[in-house]
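These numbers come from a predicted model, not from an experiment.
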Amino acid sequence: MKLTPFKNESLANFSLGEHREKMIEALKKVRSELGKNYGLHTADESPSKPSPAIASVNPADPDEVIGYVPAANKAEAEKALSTVFEGAASWKQTPADQRIALLIKLAEWMRLRRYELSAWMVYEVGKNWREADADVCEAIDFCEYYAREMNRLSSPRITQMVSGESDQLVYFPKGVSVVIAPWNFPLAILTGMTVASLVTGNTVILKPAEQSPVIGSKLAQGLHAVGFPKSSFYFLPGTGEEIGPLLVSDPRVDLIAFTGSAEVGLSIIESAAHKPQPRQRGVKKVIAEMGGKNALIIDEDADIDEAITGAVHSAFGFQGQKCSALSRLIVHEKIYDIFVKRFVEATSSLRLGNPANPEYQVGPVVDQEAQKRIDRTAIEAEARSKLLFKAKEVPTKGYYVAPRVFEVESIEDPLFQKEIFGPVVAVKKVKDLDEAFRAANSVPYALTGGLYSRSPSHIERAKNEFEVGNLYINRAITGATVERHPFGGFKMSGIGSKAGGPDYLLQFLEPRTISENTVRRGFAAAAS
């Protein structure tokens with residue numbers, strides 16, 4: 001199939017009146033559609049509220065219901081498994097060109113609804129305009145990039161040219177995949193894992209996060225609208241406790257693609273590795289991206305202006321609710337005082353408020369459980385660590401958390417070691433680069449990290465010694481872009497190859513070698 005070279009989707013520029021007007025109109029349109037009911041499978045809208053239902057609410061205004069989706073039970077999960085298991089035989093026989101074409105159509109479907117999809121994220125998970133737009137762009141990029149990657153992989157590879165023998169390496173789908181997605185990139189990550197499954201010929205169950213089921217329903221509607229067969233996918237919202245273990249342990253499932261906490265990810269890996277059950281066809285494949293405790297090192301010769309900008313954006317973009325977010329600042333003692341003073345000043349300039357209003361940089365955290373957990377962690381930290389900053393003006397309506405900056409003495413401090421997933425930063429003073437790398441590598445995670453330095457030798461050391469999957473030099477440590485920054489870590493940050501990279505689709509495929517002796521005596525007659 002002939003495709004143009006991959007090109008990342010351009011972000012909206014909200015300094016332009018045209019882009020602002022489109023977003024304002026989309027927010028109005030989506031607001032008029034809040035409170036609707038959605039179904040299972042293709043996520044069709046329904047006249048009646050499902051029972052039992054997940055009521056998705058606006059974290060900036062919990063009285064506002066975004067929509068109602070079914071809370072699937074075990075019987076409905078069984079129906080979903082049966083649907084995609086039975087559909088796997090026909091879907092894997094669908095020519096790769098047709099599957100690729102459907103991804104291109106899905107990308108275009110998203111482009112036409114770009115601002116509306118962004119608006120749904122503003123309301124359902126509290127992303128501001130820029131963060132929501134970037135999420136949609138990444139979803140589009142996954143469709144376009146994986147379409148081209150499958151186009152590359154779908155042609156048999158000649159492994160060796162030997163007279164009298166034909167040798168090929170070809171790829172086949174694994175079978176049935178279960179996608180368990182997070183709420184923090186509710187469209188991009190759900191789309192990426194889902195379309196990777198589908199374009200490689202696997203059928204898929206889409207389980208969105210409980211906090212973002214309506215955005216998940218929009219993806220399911222898109223899949224149905226562009227022509228993916230009903231037997232190739234199944235939209236199955238529900239609580240992880242109710243249906244998660246059943247989906248992961250079912251012998252018909254060949255692959256689980258998960259993004260979320262290390263606790264849940266490790267339980268999925270453990271379940272998938274249990275003794276095979278009757279009817280299980282093979283060893284289950286698990287792809288798990290499980291978060292991070294990410295550090296940014298500020299070297300003694302760093303450009304402080306650039307470092308401040310990158311650090312604030314990395315720490316407080318989307319309220320620190322990114323697996324790549326900065327939560328540990330490691331600063332050389334020679335510039336510690338001036339850097340920390342300016343970092344605190346920059347943080348204090350951030351305004352908290354409803355993300356539907358673009359004047360606010362920091363919105364709410366995703367739900368009340370997150371709000372209580374982050375506040376409790378911060379209060380406990382105040383008893384042992386020096387509080388350098390805590391925002392004073394915090395909205396009382398909605399799930400808002402005051403951004404905080406702490407100074408820690410020891411790298412063993414829980415604030416320095418444990419993932420918080422919120423707008424809380426621990427700052428540590430170090431005497432040299434050796435101590436900086438020891439501190440940075442002291443955690444069980446290895447996802448993202450960065451260094452601000454003007455020293456070529458120090459930059460080279462970071463490339464060799466900083467244990468992270470995505471290392472950023474003299475720039476923010478969030479905002480990975482498909483193809484440019486294939487994303488994923490190691491240690492307790494996950495297993496599997498990097499999303500948005502050239503190895504990702506290989507995880508959804510089984511390679512087979514076919515060797516044929518071509519020195520034969522005649523051909524059999526064609527069957528009548």
Side-chain angles (χ1 to χ4, degrees), residues 30-31 34-36 38 49-50 52-72 118-128 131-132 135 180-190 207-218 237-244 258-265 290-291 316-323 325 327 352-357 360-380 391 394-404 418-424:
V30 168
R31 179 172 285 283
L34 298 182
K36 289 186 176 181
Y38 300 89
K49 185 190 299 184
I54 298 172
S56 178
V57 301
N58 183 347
D61 182 1
D63 295 332
E64 186 172 66
V65 176
I66 307 304
Y68 297 94
V69 301
S118 294
W120 282 108
M121 279 185 273
V122 170
Y123 288 128
E124 190 168 37
V125 296
K127 289 204 169 194
N128 66 24
E131 296 282 354
D135 201 305
I180 302 174
W183 50 263
N184 62 331
F185 286 87
L187 183 65
I189 293 180
L190 180 62
K207 188 202 169 297
E210 295 159 40
Q211 297 91 337
S212 56
V214 175
I215 297 164
S217 76
K218 300 303 173 183
T239 64
E241 295 82 1
E242 175 73 14
I243 62 174
F258 167 80
T259 301
S261 71
E263 179 184 5
V264 176
M290 301 187 300
F316 302 111
F318 191 36
Q319 297 76 263
Q321 298 176 119
K322 300 179 183 179
C323 54
S327 61
L352 279 70
N354 194 319
N357 185 335
Y360 298 113
Q361 296 91 14
V362 180
V365 295
V366 72
D367 59 18
Q368 190 174 56
E369 181 182 349
Q371 180 190 44
K372 290 181 177 180
R373 173 180 51 78
I374 297 166
D375 276 334
R376 182 174 62 251
T377 300
I379 290 169
E380 291 171 355
V394 180
T396 56
K397 186 174 187 179
Y399 305 132
Y400 290 89
V401 169
R404 295 171 172 89
K418 295 182 179 180
E419 186 176 34
I420 298 172
F421 224 66
V424 180

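Take Glu124 and apply the salt bridge (charged side-chain N to carboxylate O under 4.0 Å, His left out) test, not counting sequence neighbours, and it matches no residue. Contacts of Glu419 classified as side chain to side chain contact (heavy atoms under 4.5 Å, CB included), with partners at least two apart in sequence or in another chain: Phe421, Tyr445. In terms of the side-chain hydrogen bond (donor to acceptor under 3.5 Å, both in side chains) criterion, Asn354 has no residue partners (sequence neighbours excluded). Partners of Lys218 according to the salt bridge (charged side-chain N to carboxylate O under 4.0 Å, His left out) rule, which considers only residues two or more places apart in sequence or in another chain, do not exist here. In terms of the ring-ring contact (aromatic ring centres under 6.0 Å, His included) criterion, Phe318 has no residue partners (sequence neighbours excluded). Residues that satisfy the side chain to side chain contact (heavy atoms under 4.5 Å, CB included) test with Pro70, not counting sequence neighbours, are Leu40, Pro50, Pro237. For the side-chain hydrogen bond (donor to acceptor under 3.5 Å, both in side chains) test, no residue two or more places apart in sequence or in another chain qualifies with Gln321. Evaluation of the side-chain hydrogen bond (donor to acceptor under 3.5 Å, both in side chains) rule for Gln371 yields no partner, not counting sequence neighbours. Contacts of Pro52 classified as side chain to side chain contact (heavy atoms under 4.5 Å, CB included), with partners at least two apart in sequence or in another chain: Ala71. Under the side-chain hydrogen bond (donor to acceptor under 3.5 Å, both in side chains) criterion, Lys127 pairs with Asp135, not counting sequence neighbours. The side chain to side chain contact (heavy atoms under 4.5 Å, CB included) search around Glu263 returns Ser261, not counting sequence neighbours.
Expressed to the nearest 0.5 Å, how far OH of Tyr399 lies from CG of Asp367 amounts to 7.0 Å. Distance check: Thr259 OG1 to Asn184 CG gives 8.5 Å after rounding to the nearest 0.5 Å. We find the CZ-CD1 distance between Arg376 and Ile420 to be 11.5 Å, quoted to the nearest 0.5 Å. Note that CD1 of Ile189 and CZ of Phe258 are 10.5 Å apart. Values are rounded to the nearest 0.5 Å.
With respect to Met121, the side chain to side chain contact (heavy atoms under 4.5 Å, CB included) criterion is satisfied by exactly one of Leu187, Asn128, Val30: Leu187.
The shortest side-chain heavy-atom distance between Gln319 and Val401 does not fall under the 4.5 Å cut-off. A 4.5 Å side-chain heavy-atom check between Pro208 and Ser217 finds every atom pair outside the cut-off. With a 4.5 Å cut-off on side-chain heavy atoms, Thr377 and Val424 do not count as touching. For the pair Ile215/Trp183, no side-chain contact is recorded, criterion being any heavy-atom separation below 4.5 Å from C-beta on. Residues Pro59 and Val365 form no side-chain contact, since every pair of their non-hydrogen atoms from C-beta on lies 4.5 Å or further apart.
Around CD of Glu380, the count of heavy atoms belonging to other residues, nucleotides or ligands within 6.0 Å exceeds 12.
Contact record, Ser212 with Pro182: OG-O, 4.1 Å, taken as the closest heavy-atom pair. The shortest heavy-atom contact between Gly363 and Pro355 is CA-CD, 4.4 Å. When all heavy atoms are compared, the tightest approach of Val214 to Ser56 is CG2-CB, 4.2 Å. Of all heavy-atom pairs between Gly353 and Tyr400, the closest is C-OH, 3.2 Å. Residues Ala72 and Ile243 approach most closely at O-CG2, 3.3 Å, considering heavy atoms. The minimum heavy-atom distance linking Thr239 with Glu210 is given by the pair CA-OE2, 3.3 Å.
Within the structure, the salt bridge (Lys or Arg N to Asp or Glu O under 4.0 Å) test picks out the following pairs touching residues 54-69 (sequence neighbours left out): Arg31-Glu64, Asp61-Lys397, Asp63-Lys397.
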Test side chain to side chain contact (heavy atoms under 4.5 Å, CB included) on Glu131 and Lys322; report intermediate values, then the result. CA-CA 11 Å; Glu131 296 282 354; Lys322 300 179 183 179; 3.1 Å; yes

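Under 4.0 Å is where a charged nitrogen must lie from a carboxylate oxygen, and between Arg404 and Asp375 at least one such pair does.
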